[in-house]
Each structure stands twice: as C-alpha cells, then as structure tokens.
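Down below is the structure, laid out as structure tokens.
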Amino acid sequence: MKIGERYRGVLGWFEENMALAETELSYNDPFQLIVAVILSAQCTDKRVNLITPVLFERFPDAGSMAGATQEEIFGLIKSCSYPNNKAKHLKGMAEMIVTRFNGIVPSTREELTELPGVGRKTANVIASVVWNSPVIAVDTHVFRVARRLGLTPGAKTPLDVELRLTREIPEDVRPRAHHWLLLHGRYICTARNPKCNTCGLKQLCAWYASHDGK
DNA sequence: ATCCCGAGGG
DNA sequence: CCCTCTGGAT
C-alpha cells in the first residue's frame with residue numbers, strides 16, 4: 001500500500017470517530033494556552049485543568065505573572081511534574097513577553113521559541129491551535145501513533161516525525177490531523193495496553209500486524 | 001514499574 | 001547524543 005493511500009484511510013477514520021473530544025486544556029487566550037502547555041509536560045491535561053483556574057485567577061496575564069515570585073507560582077503548580085522548572089519557566093516567559101514583546105504574545109514560532117520553557121513542540125501547539133497554522137506539533141502521543149501506524153518509516157526523533165508528516169499530509173487537513181493523532185494516542189492507541197479491539201485502523205497498522213493483534 | 005500534549009543543559 | 005527535573009495515576 002502506498003503511503004498516500006494509507007493516510008487517506010487513517011484520516012477518514014479519524015474524521016468519523018474523533019469528533020467528540022474530552023479533556024482538552026482549558027484556557028482563555030494565547031498567553032494562558034502557553035502556560036497550560038508548559039504545565040502539561042509529563043503531566044495529564046486533567047491535572048493541569050485542576051490547577052489553571054486558580055493560577056489564572058491570581059495571574060491572568062503576562063504582566064501579573066511577571067510580577068509574581070517564583071515561590072508564589074511554585075505553590076500553585078506544585079502538583080504538576082517539575083514544579084521548580086516550570087515555575088522558573090513561567091516567570092521567565094511572562095517577563096520576556098512584558099519586557100521584550102510589549103506584553104503581547106509573539107506571533108512567530110521563532111519568537112515563541114525564544115521564550116523560556118517554550119520549545120518547538122509548545123510553539124507548534126500555539127501555531128496550530130491559536131493561529132490555525134498548518135504545522136504538526138509532535139508530542140509523545142503523536143510520536144507514538146505515527147510510528148505505530150507506520151506513517152513515518154525511518155523517523156527516529158519527534159522532529160523527524162514532524163517533518164515527515166508535514167511533507168505528506170495535505171496542508172488543509174494538517175491542523176485536524178494533528179488533533180486526531182493526539183486524541184487517538186490519548187484514548188485508543190495508548191502507550192500501555194492500546195485498545196486495538198476498538199480501533200478501526202487495525203488493517204492499516206504496522207504495529208498491530210507485528211504484534212499479532214495484541 | 002511505567003507513563004503523562006518537554007525543555008534546557010552538559 | 002545523553003541527563004536531569006519530579007508529582008500523580010495506573
């Protein structure tokens with residue numbers, strides 16, 4: 001089967017089955033989305049959503065968060081992973097938005113990546129979700145799903161997967177494709193005990209074939 | 001024990 | 001490339 005045909009089957013199945021999404025990161029604006037994505041590293045969205053309402057009530061924007069102490073932020077996010085790193089990143093990120101970008105979240109991926117705590121993946125999430133840009137943010141889920149389905153043969157790093165998917169998925173469906181790959185990884189193609197029995201992509205899945213239905 | 005929408009530093 | 005950070009859920 002050619003890779004192009006495989007994509008059509010994959011995206012078609014997602015279109016029909018991934019319509020109802022649950023447990024999305026909650027936020028009110030681009031700044032809060034950056035905060036939520038930074039907090040989500042090695043942490044479930046559910047837990048992030050438990051924390052952000054309090055955090056955003058106290059520090060709703062870059063200006064207020066830049067004025068917070070690292071200890072104040074730490075106290076509000078400590079139930080997430082890496083609270084020390086994240087508190088430092090959040091404060092530094094907010095400070096740079098204020099001092100360098102005039103209080104406005106920058107509008108290019110290059111500038112976003114200059115913010116402390118914002119790497120390629122986080123910048124891609126902002127671009128995809130906020131700007132609806134045709135980029136694929138490759139997180140642990142997208143990385144796993146793409147490799148299991150055999151969508152990116154030979155790709156060894158998240159960047160490999162991103163470049164490969166970007167090259168092969170048509171631009172107009174890329175934002176949706178990113179979303180579907182993410183949800184599929186979270187709810188069906190899970191890292192442990194993937195739910196292959198309810199997965200409509202079995203016949204297209206290289207991993208399923210090599211694991212003999214288990 | 002293993003994994004969750006990673007980034008920074010060595 | 002590797003390592004560290006580091007809490008909660010399964």
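In the text below, chain A, chain B and the rest are named by the order of the sequence lines, each starting its count at 1. Everything quoted here is computed from the prediction, not taken from an experiment.
The residue among A:Lys156 and A:Lys78 whose nearest nucleotide of DNA chain C is located toward the 5' end is A:Lys156.
With side-chain heavy atoms closer than 4.5 Å counting as contact, directly or through intermediates, the hydrophobic cluster containing A:Leu159 also holds A:Leu163. The hydrophobic side chain of A:Val98 is isolated, with no ILVMFWY side chain under 4.5 Å apart from it.
In this structure A:Glu171 satisfies the side chain to side chain contact (heavy atoms under 4.5 Å, CB included) test together with A:Pro134, A:Arg174, sequence neighbours excluded.
Closest to the A:Arg186 side chain, of the nucleotides B:dC5, C:dT6, B:dC4, is B:dC5. Comparing atom distances between the A:Lys121 side chain and each of B:dC5, C:dG8, B:dC4 picks out B:dC5 as nearest. Here B:dC4 is the nucleotide among B:dG6, B:dC4, C:dA9 with the atom lying nearest to any side-chain atom of A:Arg144.
Lacking a ring centre under 5.5 Å from that of the base six-membered ring together with a plane angle below 30°, A:Tyr82 does not count as stacked on C:dT6.
Rounded to whole Å, atom C1' of C:dC3 lies 13 Å from atom CG of A:Asn85. Nucleotide C:dT4 holds its P atom 15 Å from the CD atom of A:Gln42, rounded to whole Å. Summarising the geometry, the separation between CD1 on A:Ile51 and P on B:dC5 is reported as 14 Å, rounded to the nearest angstrom. The nearest whole Å value for the distance from the CG atom in A:Asn193 to the P atom in B:dC4 is 12 Å. In this structure, the CG atom of A:Asn49 is 17 Å from the P atom of C:dG8, given to the nearest Å. Taking atom CZ of residue A:Arg120 and atom C1' of nucleotide B:dC5, one finds them 16 Å apart after rounding to whole Å. Between the CG atom of A:Leu33 and the P atom of B:dG6 there is a distance of 13 Å, given to the nearest Å. The distance from atom CD of A:Glu162 to atom C1' of B:dG6 is 14 Å, rounded to the nearest whole Å.
For residues 128-140 of chain A, every residue pair satisfying the side-chain hydrogen bond (donor to acceptor under 3.5 Å, both in side chains) rule, not counting sequence neighbours, is listed here: A:Ser128-A:His178.
For the OP1/OP2 pair of C:dA9 and a distance below 4.0 Å, the side-chain nitrogens and oxygens of A:Arg47 include at least one atom meeting the criterion. Between A:Thr122 and B:dA7 there is a side-chain N or O to OP1 or OP2 distance below 4.0 Å. Of the side-chain N and O atoms in A:Arg192, none sit less than 4.0 angstrom from OP1 or OP2 of B:dC4. Checking the phosphate oxygens (OP1, OP2) of C:dG8, no side-chain nitrogen or oxygen of A:Ser79 falls inside 4.0 Å.
Across all strands, A:Asn84 comes closer than 4.0 Å only to sugar-phosphate atoms, never to a base (heavy-atom distances). Looking at heavy-atom distances under 4.0 Å, A:Cys80 makes contact with sugar-phosphate atoms alone, never a base. As judged by a 4.0 angstrom heavy-atom cut-off over every strand, A:Val125 is placed among the base-contacting residues. Counting non-hydrogen atoms under 4.0 angstrom, A:Pro83 reaches the backbone sugars and phosphates but no base. Within the nucleic acid shown, A:Lys86 has no heavy atom closer than 4.0 Å to any nucleic acid atom.
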Residues 188-195 of chain A side chain polar contacts: donor-acceptor under 3.5 Å, at least two apart:
| unit_1 | atom_1 | unit_2 | atom_2 | d |
| --- | --- | --- | --- | --- |
| A:Thr190 | OG1 | A:Arg192 | O | 2.9 |
| A:Thr190 | OG1 | A:Asn193 | O | 3.2 |

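B:dC5 and C:dC5: their P atoms are spaced 23 Å apart (whole Å). Annotation: B:dT2 and C:dC3 have their P atoms spaced 16 Å apart (nearest Å). For B:dG10 and C:dT6, the P atoms lie 16 Å apart once the distance is rounded to whole Å.
Residues A:Glu110 and A:Thr113 bring no donor and acceptor atom of their side chains to less than 3.5 Å of each other.
Proximity of a side-chain donor or acceptor of A:Lys86 to a complementary backbone N or O of A:Leu39 within less than 3.5 Å is detected. A donor-acceptor distance shorter than 3.5 angstrom exists from the side chain of A:Arg144 to the backbone of A:Gly185, with no hydrogens or angles considered. No side-chain donor-acceptor contact under 3.5 Å links A:Glu162 to the backbone of A:Ala137.
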So which protein N/O to nucleotides 8-10 of chain B N/O distances come out below 3.5 Å?
| unit_1 | atom_1 | unit_2 | atom_2 | d |
| --- | --- | --- | --- | --- |
| B:dG8 | OP1 | A:Gly117 | N | 2.8 |

